[in-house]
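All remarks here apply to the structure that follows.
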Amino acid sequence: MPELPEVETVKLGLAKLLPGLVIAHVKSDWPKSFPNSASDVGSFLVGASVVGVRRRAKVLLIDLSGLHTLVVHLKMTGQLVFVAEAQKSTEYPVQSTEGSDKPLDSKIQDPRSKISQLRFGAGHPTSSLVGMLPDKSTRVTLDFKDGSKLFFNDQRKFGWMKLIPTSEVPNIDFMKKVGPEPLSDEFTAKVFIARIRRRANTTIKAALLDQTVLAGIGNIYADETLWGAKIHPATRVCDVSDSKLKKLHKEIRLVLNLAIKKGGSTNKNYVNAEGKKGSYMSFARVFRRENLPCPHCGTTIIKSRVAGRGTHTCPKCQELAE
DNA sequence: CACTTGACCTGTCCGC
DNA sequence: TGCGGACAGGTCAAGT
């Protein structure tokens, strides 16, 4: 479930690794994960080099020579795994314990290891110890000329990767509809309030999750920011005061910036470019903390369902007005 | 048009 | 131990 901070972390990592690499071969065995035709791949992907990596909302944009772009959406379980050396079948280490702060498997940090492997993206529940790449969740494999590889793994097959002309990127429906970047200078409290007020009759949580209101918030950061602003997620937008929305705006920028600084994080096995785990779980204040005390008042955090999602709240800090 | 629900998927976990 | 069902959650299509 990569959200903005996780995708940003992926982008920062890939931007250090991919530029300059030339694509030699592409393999895909799940058409929905990579719907391009073989002739597209032959004409525009093989032989192209990576010129840069961008992010917009939760979408990654890998720009290639030849004015084409690989557009990647990780959705919930997508991940990009970079392997720097040619290996037919590469053993790779992953996190062994969910939620722990243990260092990664020593292999990843061992300078003697010939395998340099960097893993980006969502948690990968099946790979609880040591796995092989490609594994059964590998949907697309990019082979680079120098022998390195980029694996697109996606257990649940919701994610996708598409090759399109770079000039077409702004014309994708999603790009046309998606709201402002919450960390941009343009995203002022005034802009936020004006945009979210358009969803007057829905719940504040549904409005935050609406990517056309603002980009990049998912279930984790919706719960975290609403807790920070002391707003119950089921409150209708029209029942939230401007001053509360102002507080929420501040909280969004605070929480997202902190999450990026922490290297992002999702559940389970996520690690960042340095081979370290994002430290979100130790930072989360309500998310997945049901039955634990609220860090503010000590009241037991409860889990409910709002906007069709698992929702975590402090019943005291986030009272729901009648 | 505003808003909600179901579908897309696979793996895990819980209760029987 | 096995099995069915709920659940996980980003986005779009379909429904109210």
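These numbers come from a predicted model, not from an experiment. So that the names make sense, note that chain A is the first sequence line, chain B the second, and so on, each numbered from 1.
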Distance, rounded to the nearest Å, where [X] contributes [atom1] and [N] contributes [atom2]:
X	N	atom1	atom2	result
A/L74	C/dT11	CG	P	11 Å
A/E3	C/dG10	CD	C1'	9 Å
A/M175	C/dT11	CE	P	11 Å
A/L60	C/dT11	CG	C1'	16 Å
A/R288	C/dC7	CZ	P	14 Å
A/E290	B/dC14	CD	P	12 Å
A/W160	B/dC9	CH2	C1'	17 Å
A/F287	C/dC7	CZ	P	15 Å

Mind checking if A/R305 touches a base, just sugar-phosphate, or nothing, with heavy atoms under 4.0 Å? sugar-phosphate
Dot-bracket, 5' to 3', for DNA chain B please: Watson-Crick or G-U pairs under 3.5 Å, [ ] where pairs cross earlier ones, | where the partner sits on another strand, dots elsewhere. .|||||||.|||||||
List the steps and the verdict of salt bridge (charged side-chain N to carboxylate O under 4.0 Å, His left out) for A/E251 and A/R285. CA-CA 13 Å; A/E251 200 64 28; A/R285 299 162 299 180; 3.2 Å; yes
For the P atoms, the ones on C/dA14 and on B/dC9, what distance do you get once it is rounded to whole angstrom? 15 Å
Connected to A/V51, directly or through other members, by ILVMFWY side-chain contacts below 4.5 Å are none
A/D63 and A/R54: CA distance, side-chain angles, deciding distance, salt bridge (charged side-chain N to carboxylate O under 4.0 Å, His left out) verdict: CA-CA 8 Å; A/D63 291 316; A/R54 295 179 284 152; 2.7 Å; yes
Any residue meeting side-chain hydrogen bond (donor to acceptor under 3.5 Å, both in side chains) with A/T311, in chain and number order, not counting sequence neighbours: A/K205
Between A/K303 and A/D223, does a salt bridge (charged side-chain N to carboxylate O under 4.0 Å, His left out) hold up when you go through it step by step? CA-CA 11 Å; A/K303 186 171 179 182; A/D223 282 5; over 6 Å; no
Starting at the 5' end of DNA chain C and moving along, which residue's nearest nucleotide shows up first, A/K58 or A/K303? A/K303
Spell out protein contact along nucleotides 1-8 of chain B as letters: B when the base is contacted, S when just the sugar-phosphate is, - when no protein heavy atom is under 4.0 Å; keep the 5' to 3' order. --SS---B
Counting only side-chain nitrogens and oxygens, does [X] get under 4.0 Å of the OP1 or OP2 atom of [N]?
X	N	result
A/Q211	C/dG10	no
A/H73	C/dT11	yes
A/K136	B/dG11	yes

Any side-chain donor near an acceptor of the partner, A/N153 and A/R139, under 3.5 Å: no
Applied to residues 295-321 of chain A, the ring pair (Phe, Tyr, Trp, His ring centres under 6.0 Å) test, sequence neighbours excluded, yields A/F287-A/H312
Return each pair, listed once, that meets ring pair (Phe, Tyr, Trp, His ring centres under 6.0 Å) where at least one residue sits in residues 38-73 of chain A; pairs must be two or more places apart or across chains. A/F44-A/H68, A/H73-A/W160
Can you list the steps and then say if A/R55 with A/E181 is a salt bridge (charged side-chain N to carboxylate O under 4.0 Å, His left out)? CA-CA 10 Å; A/R55 177 191 63 75; A/E181 286 291 322; 2.9 Å; yes
